[in-house]
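Numbers for residues simply follow the sequence, beginning at 1.
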Amino acid sequence: MKKVVILAAENCVLSTIAAPMDMFLQTGVLWNMTVGEKPSPEFEVKIVTTDGKPITALNHFSVIPACSMYDIKEVDLIVIPSQGFFYEVTSDAHKEKVTWLIEWYEKGADLAAICAGAFTLASTGLLNGKKATTHWSLANQFRKLFPKVTLQTECMITEEDRLFCGGGITADLNLSLHLIEKYCGREAALQSSRCMLVDLDRTSQALFAVFLPNKEHEDEIILQAQEWIEKNFQESIQMEALAKKSGTSLRQFNRRFKAATGETANKYVQFTRVEAAKMLLVTTNLSFEAISPQVGYENISFLRRIFRSCTGITPTEFRRKFGQPNND
C-alpha cells in the first residue's frame with residue numbers, strides 16, 4: 001500500500017487537501033464496492049502540518065492533521081496543496097517546509113504540487129531546469145521568482161524526475177488520477193475516473209486561460225510598445241515600424257521585448273488579438289468572419305488557426321462553451 005502525505009499549511013485551499021485525499025482513498029474501494037467485489041484500498045493517506053497543530057484553510061475551516069511532518073517515518077508521495085495567493089517564499093515557515101521536502105525527496109519520495117503549491121515545490125530548487133505548471137494567472141509571478149524553471153502553464157499536469165505539478169485548483173483531481181495511474185496502472189485510474197466522474201485525459205488548461213501580459217519589468221521603452229499594441233491591435237502592425245517608433249533597431253527591439261515580457265513581439269500581438277476575438281465571441285452574435293477584421297486579421301483562416309492553437313478548440317466550440325445561450 002502506497003503511503004501519501006498531504007502537507008497542509010495556513011490558508012491552504014481546502015479542496016486541494018480534501019479532493020486528493022478522497023481520490024486516493026477511494027482507489028480500489030469505490031469501484032470494487034460498485035461491482036460487488038471486496039474493497040482493496042491502494043493508498044494510506046495522512047494530513048500533516050509542520051508542528052502537528054491544526055491550521056485554518058482559506059475558507060476559514062479548521063484542518064486537523066494526523067501528526068507533525070516530523071513524525072512521518074515512511075512516505076512514497078508528498079502532496080503540496082494550493083495556498084492561492086497566500087504564499088511567502090521568504091518566511092521561516094516556508095523555508096522549514098522546503099528543507100523537509102528536499103530531505104524526503106532525497107530519500108526517494110515523490111513530490112506533487114497543486115496550483116500555487118508549485119511555488120513551494122520550486123522553492124526547493126528541485127525544479128530548476130525542469131518543466132512545471134501552475135495556474136495560468138500565476139505565470140508572471142512564478143517566472144519572476146523562479147526563472148530557472150521551465151514553466152508550461154498550457155499544461156494541466158507536468159511530470160519530470162519524480163516531481164509532479166497540477167495546473168489549477170480542480171487539477172488536483174486530474175493530478176491525483178495521473179498519480180493513481182502511475183502507481184496502480186491504467187485500469188485503476190479508469191475505474192477511479194468513472195466512479196468520481198473525472199476526465200482522466202484532460203491535459204490542457206489553455207481553454208480557460210486569459211492572456212495576462214507581463215508588465216512587471218523596468219524596460220520603459222518595451223512597456224510603451226506593449227501599451228501601443230494593446231491600443232492599436234486592430235491595425236496592421238509592422239514590427240520594423242514599431243521598432244523605429246521605439247527608437248531601436250528591429251533586432252534590438254525583438255531581443256528586449258522577449259527579455260522583458262517573456263514573449264516575442266509577434267506572439268504578443270497574436271495573443272492580444274485572440275483575446276479580443278474571444279471577448280467578441282462571448283459578448284456578441286457577430287460571425288467569426290465579421291470578428292476577424294475587427295481584431296486585425298483580414299485572413300480569417302489564419303486567425304482561425306491561431307485561435308485553435310491558443311485555446312485548443314475552434315471559435316465555434318469556444319462560443320458554444322462560454323457564449324450567451326442564444327448565440328449560435
- Any side-chain heavy atom of Ile157 within less than 4.5 Å of one from Thr133? no
- Message: side-chain contact (heavy atoms from CB on, under 4.5 Å), that's the test. Do Glu159 and His178 meet it? Break it down for me.
- Response: CA-CA 10 Å; Glu159 172 187 352; His178 180 83; 2.8 Å; yes
- Neighbour count above 12 (heavy atom, 6.0 Å) for Arg194 CZ: no
- Message: Please say yes or no: joined through hydrophobic side-chain contacts below 4.5 Å, possibly via intermediate residues, are Ile300 and Val269 part of one cluster?
- Response: no
- Message: Other residues, nucleotides and ligands only: do more than 12 of their heavy atoms fall within 6.0 Å of CG on Asp92?
- Response: no
- Under 4.5 Å between any side-chain heavy atoms of Phe302 and Gln270, yes or no? yes
- Query: How about Gln226 and Thr261: does a side-chain donor come under 3.5 Å of a side-chain acceptor?
  - Reply: no
- Message: Around atom CD of Glu187, are there more than 12 heavy atoms from other residues, nucleotides or ligands closer than 6.0 Å?
- Response: no
- Looking at CG of Asn140 and OG1 of Thr153, how far apart are the two atoms once the value is rounded to the nearest 0.5 Å? 9.0 Å
- Query: Sub-3.5 Å donor-acceptor pair from the side chain of Asp172 to the main-chain atoms of Ile17, do we have one?
  - Reply: no
- Query: In Å and rounded to the nearest 0.5 Å, what is the CD to CZ distance from Gln141 to Phe146?
  - Reply: 11.5 Å
- Message: With no hydrogens and no angle check, just 3.5 Å: does a side-chain donor-acceptor pair link Thr272 and Glu275?
- Response: no
- Message: Between Asn59 and Phe61 (side chain of the first, backbone of the second, donor and acceptor by atom type, cut-off under 3.5 Å), is there such a pair?
- Response: yes
- Message: With a 3.5 Å distance limit and no angle check, can you tell me whether Asp71 reaches the backbone of Cys67 through a side-chain donor-acceptor pair?
- Response: no
- Between the side chain of Ser192 and the main-chain N/O of Ala188, is any donor-acceptor distance below 3.5 Å? yes
- Can you check whether Ser204 reaches Met156 side chain to side chain, under 4.5 Å on heavy atoms? no
- Task: Identify whether NZ of Lys or CZ of Arg in Lys97 sits under 6.0 Å from the centre of the six-membered ring of Trp100 and within 45° of that ring's axis.
- Result: no
- Looking only at heavy atoms, the pair that brings Ser123 and His94 closest together is OG-NE2, 2.9 Å
- Item | Rounded distance (nearest 0.5 Å) linking atom NZ of Lys46 with atom CD1 of Ile72 | 5.0 Å
- pair Leu242-Phe253: side-chain heavy atoms closer than 4.5 Å: yes
- Should Phe288 and Thr316 count as side-chain neighbours, where that means a heavy-atom distance under 4.5 Å? no
- Task: Assess whether side chain to side chain donor-acceptor pair (under 3.5 Å) is satisfied between Tyr70 and Asp51, documenting all intermediate values.
- Result: CA-CA 8 Å; Tyr70 296 113; Asp51 55 9; over 6 Å; no
Below 3.5 Å, can you tabulate the donor-acceptor pairs from side chains in residues 208-215 to any protein atom, sequence neighbours excluded?
unit_1 : atom_1 : unit_2 : atom_2 : d
Asn214 : OD1    : Glu216 : N      : 3.0
Asn214 : ND2    : Ala260 : O      : 3.2
Lys215 : NZ     : Glu230 : OE1    : 2.8
Lys215 : NZ     : Glu230 : OE2    : 3.3

- Message: Looking at Glu289 and Arg304, is any side-chain nitrogen of the basic one under 4.0 Å from a carboxylate oxygen of the acidic one?
- Response: yes
- Item | Enclosure of Lys130 NZ (heavy-atom neighbours >12, cutoff 6.0 Å) | yes
- Message: How long is the straight-line distance from OG of Ser309 back to CG of Leu303, given to the nearest 0.5 Å?
- Response: 11.5 Å
- Task: Apply side-chain contact (heavy atoms from CB on, under 4.5 Å) to the pair Ser40 and Asn32, showing each step before the final yes or no.
- Result: CA-CA 7 Å; Ser40 180; Asn32 289 30; 4.0 Å; yes
- Message: Is there a path of hydrophobic side-chain contacts, each under 4.5 Å between heavy atoms, that joins Leu163 and Phe119?
- Response: yes
- Does the Ser193 side chain pair with the main chain of Val198, one donor and one acceptor, at a distance under 3.5 Å? yes
- Start with the C-alpha gap between Lys3 and Asp76, add the side-chain angles, then the distance that decides, and say whether salt bridge (charged side-chain N to carboxylate O under 4.0 Å, His left out) holds. CA-CA 5 Å; Lys3 298 183 183 298; Asp76 298 294; over 6 Å; no
- Message: Let's go through Gln205 and Glu154 carefully: what are the C-alpha distance in whole Å and the side-chain angles of both, what is the deciding distance for side-chain contact (heavy atoms from CB on, under 4.5 Å) to 0.1 Å, and is it a yes or a no?
- Response: CA-CA 5 Å; Gln205 57 175 312; Glu154 71 277 10; 5.8 Å; no
- Query: When hydrophobic residues are tied together by side-chain contacts of less than 4.5 Å, even through go-betweens, does Leu77 share a cluster with Val48?
  - Reply: no
- Query: Is a side-chain N or O of Thr56 found less than 3.5 angstrom from the main chain of His60, in a donor-acceptor match?
  - Reply: no
- Message: Counting C-beta onward and ignoring hydrogens, is there a side-chain heavy-atom pair between Phe318 and Lys321 closer than 4.5 Å?
- Response: no
- Query: Do any N or O atoms from the side chain of Thr16 and from the backbone of Val13 form a donor-acceptor pair under 3.5 angstrom?
  - Reply: yes
- Item | Closest non-hydrogen atom pair, Leu127 against Ala118 | CD1-O, 4.4 Å
- Message: Could you check whether atom NZ of Lys131 has more than 12 heavy atoms from other residues, nucleotides or ligands sitting under 6.0 Å from it?
- Response: yes
- Message: Can you give me the closest heavy-atom contact between Ala9 and Ile55, atom names plus distance?
- Response: O-CD1, 3.4 Å
- Query: Taking Ser292 for the side chain and Glu298 for the main chain, is one N or O donor matched with an acceptor at less than 3.5 Å?
  - Reply: no
- Whether over 12 other heavy atoms sit under 6.0 Å from Glu37 CD: yes
- Check whether any side-chain N or O of Arg319 sits under 3.5 Å from a backbone N or O of Ser287 as a donor-acceptor pair, and report yes or no. no
- Message: Let me confirm one number: the CG-CG distance from Asp110 to Leu179, rounded to the nearest 0.5 Å.
- Response: 7.5 Å
- Query: Does some side-chain heavy atom of Met23 sit less than 4.5 Å from a side-chain heavy atom of Phe43?
  - Reply: no
- Message: Donor-acceptor pair, distance only, cut-off 3.5 Å: does the side chain of Thr134 make one with the backbone of Gly167?
- Response: no
- When hydrophobic residues are tied together by side-chain contacts of less than 4.5 Å, even through go-betweens, does Leu7 share a cluster with Ile47? no
- Run the side-chain contact (heavy atoms from CB on, under 4.5 Å) check on Val5 and Val79 step by step: do they pass? CA-CA 6 Å; Val5 164; Val79 177; over 6 Å; no
- Shortest non-hydrogen contact from Ala265 toward Asn254: CB-OD1, 4.2 Å
- Query: Nearest heavy-atom pair of Ala122 and Val149: which atoms, and what distance?
  - Reply: CB-CG2, 4.4 Å
- When rounded to the nearest 0.5 angstrom, what is the spacing between CD in Gln238 and NZ in Lys245? 14.5 Å
- Task: Take Ser246 and Gln224 through the test side chain to side chain donor-acceptor pair (under 3.5 Å) and record every step on the way to the result.
- Result: CA-CA 8 Å; Ser246 300; Gln224 290 173 17; over 6 Å; no
- Kindly check if the number of other-residue, nucleotide or ligand heavy atoms within 6.0 Å of NZ (Lys148) is above 12? no
- Side chains of Met69 and Thr49: does their closest heavy-atom pair fall under 4.5 Å? no
- Considering non-hydrogen atoms only, spot the tightest contact between Cys12 and Pro81 and give its length. SG-CB, 4.0 Å
